[in-house]
Number of protein chains: 2
Amino acid sequence: MDAKHPVRTTEKTLTLVEELMRRGPAGVTELAEGVDMGKSAVHNHLTTLRDHGYVLKTGDRYQLGLKFLEVGGSIRKSMEFYQVAEPEIKSLADETGELANLLVEEQGTGVYLMRSKGEDAVDLDTYAGLRTNLHTTALGKAVLAYLPESRVEEIIERHGIEPETPRSIGSREELFDALESVRERGYAIDDGERLEGLRCIGAPVKSSSDEVLGAVSVSAPMSRVSDEELHGELSERVLSAANVIELNINY
Amino acid sequence: MDAKHPVRTTEKTLTLVEELMRRGPAGVTELAEGVDMGKSAVHNHLTTLRDHGYVLKTGDRYQLGLKFLEVGGSIRKSMEFYQVAEPEIKSLADETGELANLLVEEQGTGVYLMRSKGEDAVDLDTYAGLRTNLHTTALGKAVLAYLPESRVEEIIERHGIEPETPRSIGSREELFDALESVRERGYAIDDGERLEGLRCIGAPVKSSSDEVLGAVSVSAPMSRVSDEELHGELSERVLSAANVIELNINY
DNA sequence: ATAAGCGTTCTGTGAATCAGAACGGTAGCG
DNA sequence: CGCTACCGTTCTGATTCACAGAACGCTTAT
């Protein structure tokens, strides 16, 4: 639901922040054109953000500062789910040698909380903090499968089901079918849907009251993981990691 | 330098964000008292932040959302220094079994970019994004030692030299002496200065034009690292990691 | 029942945001 | 070597809009 009385000045500041995130280091005039504000207004907002550490200035260019990482990091650190899961994700990565990931749902989209690279891990362009559609990844499907159906409907309504690649899910029926098989198997698969040649396997983590807290996954190149391994050893490792996290969180 | 024409509304929003960071989930009235604003104003700011994903509402409580991690993560990911150093820090942690850290200087303070836990690593309360005074850690001293003296003076002026514990550096002379020995040895030591029983060893990473980009460190409990190891094998490993990063960054 | 607390909405007014113009500095060009 | 063009910054005044305070509906405690 939208705010009844939004603070327009704050909205301008936030627009500017997002413009800076898109562009990286940029000048005042450039930004002013990008966000459709006057130069003086942009300048005032930037210097204000600078005073508080959110923006840095080098020469005549402004850029976002690590204050955002400070705030974001402190939020993440305060999440019990992250604290408990962190060492398990690391083990998962080290044991499999592949890329292990941790994701939570927030506002209908997925947010990567961390990723840990094993010895042979592929180098994806994911990173802690990255947002992703839930229906396009194994992680997301693992979460959706154990969310109440009403929430899934809400999320579809709010974010749609755009396929990101030819192979990925692109309709309501496909999605609900997929979620059904996730529930049958207990884990979710992404077989080259998001990236050609990449296989992912994701498992949900649930609280003692059966609410989904997030999901765990491993991503590996197809060349290294046969169908047999996928549904055998690898899925077992991922499920086991998810299980350990569940046990540790519920004491 | 402070902004000539600060945007006061934006400052209020930022104050609110910091209050939320301190308190964690909180209600409107509580926050209004904390930041000395009217309830309606606080409410308007919170709902505006919420519309943009920076704040979440659960029940009647507001809290910061992972949007901050999204912005912070994207900034970190865009830093070449981080990209190059990340795998080396992980190796350093795995090889030593201890806690390895990566830090950059920003606005006169140190910011942890990442930390990686080896098998036996101590569990400090540091985290990616955490800010720290430069003169109180091995990482910070490694950076300060290779910053131009004028910058060091600026930083002292701006942030002071408060000792955090009885053992830590508390005066200008002590600091400059310490920095001199860092330059002689090539690495910095923190021998229980920040935390009783904890030893850290930090090495600077410099660019091809001899500017400090940041620092690398390993933290370990005193019980596991003798003086001999500290100045022998351990320092060599840390220096070697720093060196590899330098080489990779300068191609 | 009553009261005390909450989050939210509303309204008028005093404050402050911001467009646009003006300024000083720098870089590019003929 | 002027001349120009563009930059970031400062300034100012008119219009917008942020916000204190009061009122409202709701939940919880007494």
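We use all heavy atoms of the structure for the numbers below, so side chains are in, but hydrogens, waters and symmetry mates are not. Each chain gets a letter, A, B and so on, in the order its sequence line appears, and its residues count up from 1.
- Looking at B:E18, B:E106, B:Q107 one by one, the single match for side chain to side chain donor-acceptor pair (under 3.5 Å) with A:K67 turns out to be B:E18.
- Checking B:T109 against B:R131 by side-chain atom types alone, a donor-acceptor pair falls below 3.5 Å.
- Here the CD atom belonging to A:E180 is positioned 11.5 Å from the CG atom belonging to A:L175, to the nearest 0.5 angstrom.
- Boundaries of the chain A contact region on DNA chain C are C:dT9 to C:dG20, first to last in 5' to 3' order (nucleotide atom under 4.0 Å from a heavy atom).
- If you measure from atom CD of A:E30 to atom P of D:dT9, you get 14 Å, rounded to the nearest angstrom.
- When side chains are defined from C-beta on, A:Y54 does not count as touching A:V17, because their heavy atoms never get closer than 4.5 Å.
- By the 6.0 Å and 45° rule, B:K206 stacks over the aromatic ring of B:Y146.
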Counting primed atoms, P, OP1 and OP2 as sugar-phosphate and everything else as base, the B/S/- map of nucleotides 25-30 of chain D against protein heavy atoms under 4.0 Å is ------
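- Where B:D36 and A:E33 each meet DNA chain D at their nearest nucleotide, the meeting point lying more 5' is that of A:E33.
- Looking at A:R23 and A:E30, a side-chain N of the basic residue comes within less than 4.0 Å of a carboxylate O on the acidic one, giving a salt bridge.
- Applying the salt bridge (charged side-chain N to carboxylate O under 4.0 Å, His left out) rule to B:K117 yields the partners B:D123; only residues at least two apart in sequence or on another chain are considered.
- The CG atom of A:N248 sits 6.0 Å away from atom CD of A:E88, with the distance rounded to the nearest 0.5 Å.
- Between A:E19 and A:R22 there is a salt bridge, with a side-chain nitrogen of the basic residue lying less than 4.0 Å from a carboxylate oxygen of the acidic one.
- Of all the residues in residues 12-28 of chain A, A:G27, A:V28 reach under 4.0 Å from DNA chain D with at least one non-hydrogen atom.
- Atoms CG and CG, from B:L46 and B:L31 in turn, are 6.0 Å apart once rounded to the nearest 0.5 Å.
- When heavy atoms are screened at a 4.0 angstrom cut-off, B:T29 is found touching the sugar-phosphate backbone but no base atom.
- A donor-acceptor contact under 3.5 Å is not formed by the side chain of B:T9 with the base of D:dA18.
- Projected onto DNA chain D by closest heavy-atom contact, A:V7 and A:S40 fall at different nucleotides, the more 5' of which corresponds to A:S40.
- Proximity of residues 43-65 of chain A to DNA chain D (heavy atom under 4.0 angstrom from any strand atom) is restricted to A:H43, A:K57, A:D60, A:Y62.
- Side chain to side chain, B:T10 and A:T13 meet the donor-acceptor criterion of an N or O pair below 3.5 Å.
- If you take CD1 on B:I89 and CG on B:L102, they are separated by 4.5 Å, rounding to the nearest 0.5 Å.
- Atom CD of B:E162 sits in a sparse spot, with 12 or fewer heavy atoms from other residues, nucleotides or ligands closer than 6.0 Å.
- Scanning atom types as modelled, one donor and one acceptor separated by under 3.5 angstrom connect the side chain of A:K39 and the base of D:dG8.
- One finds a salt bridge joining A:R115 and B:E86 here, because a Lys/Arg side-chain nitrogen approaches an Asp/Glu carboxylate oxygen to under 4.0 Å.
- Using a 4.0 Å cut-off between charged nitrogen and carboxylate oxygen, B:R172 and B:E153 count as a salt-bridge pair.
- Judged purely by distance below 3.5 Å, without hydrogens or angles, the side chains of A:T137 and A:D190 never pair a donor atom with an acceptor atom.
- Rounded to 10 degrees, the angle between the two end axes of the helix from C:dA1-D:dT30 to C:dG30-D:dC1 is 30°, with five pairs used at each end.
- The 5' end of DNA chain C is approached more closely, in terms of each residue's nearest nucleotide, by A:K4 than by the other of B:T10 and A:K4.
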